[in-house]
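Numbers restart at 1 for each chain; the letters A, B, ... are given by sequence-line order, proteins then strands.
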Number of protein chains: 2
Amino acid sequence: MISIKNKLSEKGLKITPQRMSILEAIYSISHPTADDIIKFIRQEHSNIATGTVYKVLDTFVQKGLIKKITTDKDVIRYDSLLTHHHHLHSSEDVLIKDYIDEELDEILNEYFQKKKINGFKIEEITLQIKGKFNE
Amino acid sequence: MISIKNKLSEKGLKITPQRMSILEAIYSISHPTADDIIKFIRQEHSNIATGTVYKVLDTFVQKGLIKKITTDKDVIRYDSLLTHHHHLHSSEDVLIKDYIDEELDEILNEYFQKKKINGFKIEEITLQIKGKFNE
DNA sequence: TCTTTTATGAGAATTATTCTCTTTTAAGAA
DNA sequence: TTCTTAAAAGAGAATAATTCTCATAAAAGA
């Protein structure tokens with residue numbers, strides 16, 4: 001809990017029970033939607049206004065505490081893993097898993113160091129790897 | 001126009017004025033949203049029901065005539081470019097450009113031929129390349 | 001403890017999308 | 001060409017996700 005408070009104050013955010021619950025929820029649920037977070041908080045703790053959740057999530061994204069993930073399949077999801085990574089998307093359902101691969105990142109960096117894209121300055125490369133999870 | 005008809009009948013789809021307009025719109029607008037398509041058709045030609053547009057877009061995706069693209073920023077967009085490619089996403093606005101790079105695809109294929117991902121069978125790899133477009 | 005700024009709550013509003021059901025139409029058969 | 005029928009389109013209601021508004025509450029520093 002102390003570390004959640006720290007994460008908020010590190011970013012200059014006021015510490016409120018709502019923000020702490022939301023951040024806890026994001027750490028507890030894998031790639032949650034806003035609705036997942038609302039349900040989690042309402043079941044575990046007290047009530048929370050949906051508007052608050054959306055507003056706080058925006059704030060967290062702005063401050064770099066979490067990231068958005070998008071898929072073809074449904075609404076926006078949030079990701080608490082901040083180290084650079086990619087995503088494995090199930091082609092059959094909604095499942096998403098994080099995929100960390102520094103060797104791959106290295107290869108991509110080298111590749112795009114040589115091969116410039118005309119009129120475009122790369123900031124971040126994320127792979128959407130679509131496929132099938134077995135068992 | 002004949003080629004649009006052909007594209008529909010190739011996929012076993014009935015040729016209707018609505019489907020032709022929608023397909024035309026997708027070819028005319030870069031990475032349109034459903035709403036972009038509706039506006040385009042209503043300004044150029046006749047009226048069309050929004051439900052029809054959504055239904056037809058789904059059908060087209062199902063049949064492989066177009067693909068969905070997602071961004072962090074807004075709603076689902078559609079892509080008429082069918083050859084495998086990646087996307088350059090502006091970090092400043094909503095602009096998306098197609099990025100075709102067969103050399104890169106080759107490198108990725110080779111890489112993942114060697115390095116298997118445990119419990120996952122890759123079907124398609126798409127890069128989301130975020131950055132800045134300079135004029 | 002007080003003050004001020006910022007956050008939260010409640011619910012209305014908006015937006016995107018889907019659904020339902022009736023009417024229309026494309027396309028192959030006669 | 002006309003007929004038949006399955007499939008598509010239309011209209012608009014319904015739903016879902018998200019945003020907005022504004023009054024109230026509560027952090028955090030003075």
What is the distance, to the nearest angstrom, from the [atom1] atom on [X] to the [atom2] atom on [N]?
{"X": "B/Leu57", "N": "D/dA8", "atom1": "CG", "atom2": "P", "result": "14 Å"}
{"X": "A/Leu8", "N": "C/dT8", "atom1": "CG", "atom2": "P", "result": "10 Å"}
{"X": "B/Asp36", "N": "C/dT17", "atom1": "CG", "atom2": "P", "result": "11 Å"}
{"X": "B/Tyr78", "N": "C/dA16", "atom1": "OH", "atom2": "C1'", "result": "10 Å"}
{"X": "A/Arg19", "N": "D/dA26", "atom1": "CZ", "atom2": "P", "result": "15 Å"}
{"X": "A/Arg42", "N": "C/dA10", "atom1": "CZ", "atom2": "C1'", "result": "11 Å"}
{"X": "B/Gln62", "N": "D/dA8", "atom1": "CD", "atom2": "C1'", "result": "16 Å"}

Short side-chain N/O contact to [N] OP1/OP2 from [X], under 4.0 Å:
{"X": "B/Thr16", "N": "D/dA9", "result": "yes"}
{"X": "B/Gln18", "N": "D/dG10", "result": "yes"}
{"X": "B/Tyr54", "N": "C/dT18", "result": "no"}

Between [options], which nucleotide has the shortest distance from any of its atoms to the side chain of [X]?
{"X": "A/Asn47", "options": "D/dA28, D/dT18, C/dA10", "result": "C/dA10"}
{"X": "B/Ile48", "options": "D/dG10, C/dA10, D/dT18", "result": "D/dG10"}
{"X": "A/Asp58", "options": "D/dT18, C/dG9, D/dT19", "result": "D/dT19"}

- Between B/Leu13 and B/Thr50, who's closer to the 5' end of DNA chain D by nearest nucleotide? B/Leu13
- Position toward the 5' end of DNA chain D (nearest nucleotide), A/Lys14 or A/Ile76: A/Ile76
- Message: Taking B/Arg77's backbone N and O only, do any of them form a donor-acceptor pair with B/Thr33's side chain (distance below 3.5 Å, no angle check)?
- Response: no
- Scanning both residues in full, the closest heavy-atom pair of B/Ala34 with B/Tyr78 reads N-CE1, 4.2 Å
- Message: Between the base of C/dT8 and the side chain of A/Lys55, is one N or O donor paired with an acceptor at under 3.5 angstrom?
- Response: no
- Message: Need to verify one output field. Residue with the more 5' nearest nucleotide on DNA chain C, A/Val56 or B/Lys68?
- Response: A/Val56
- Atom NZ of B/Lys130: over 12 foreign heavy atoms under 6.0 Å: no
- Query: Which word best sums up how the rings of B/Tyr99 and B/His86 line up, parallel for under 30°, tilted for 30 to 60°, or perpendicular for over 60°?
  - Reply: tilted
- Query: Applying a 3.5 Å limit to both distances, which nucleotide forms a Watson-Crick or G-U wobble pair with D/dA30?
  - Reply: C/dT1
- Between the OG atom in A/Ser80 and the NZ atom in A/Lys67, the distance rounded to the nearest 0.5 Å is 11.5 Å
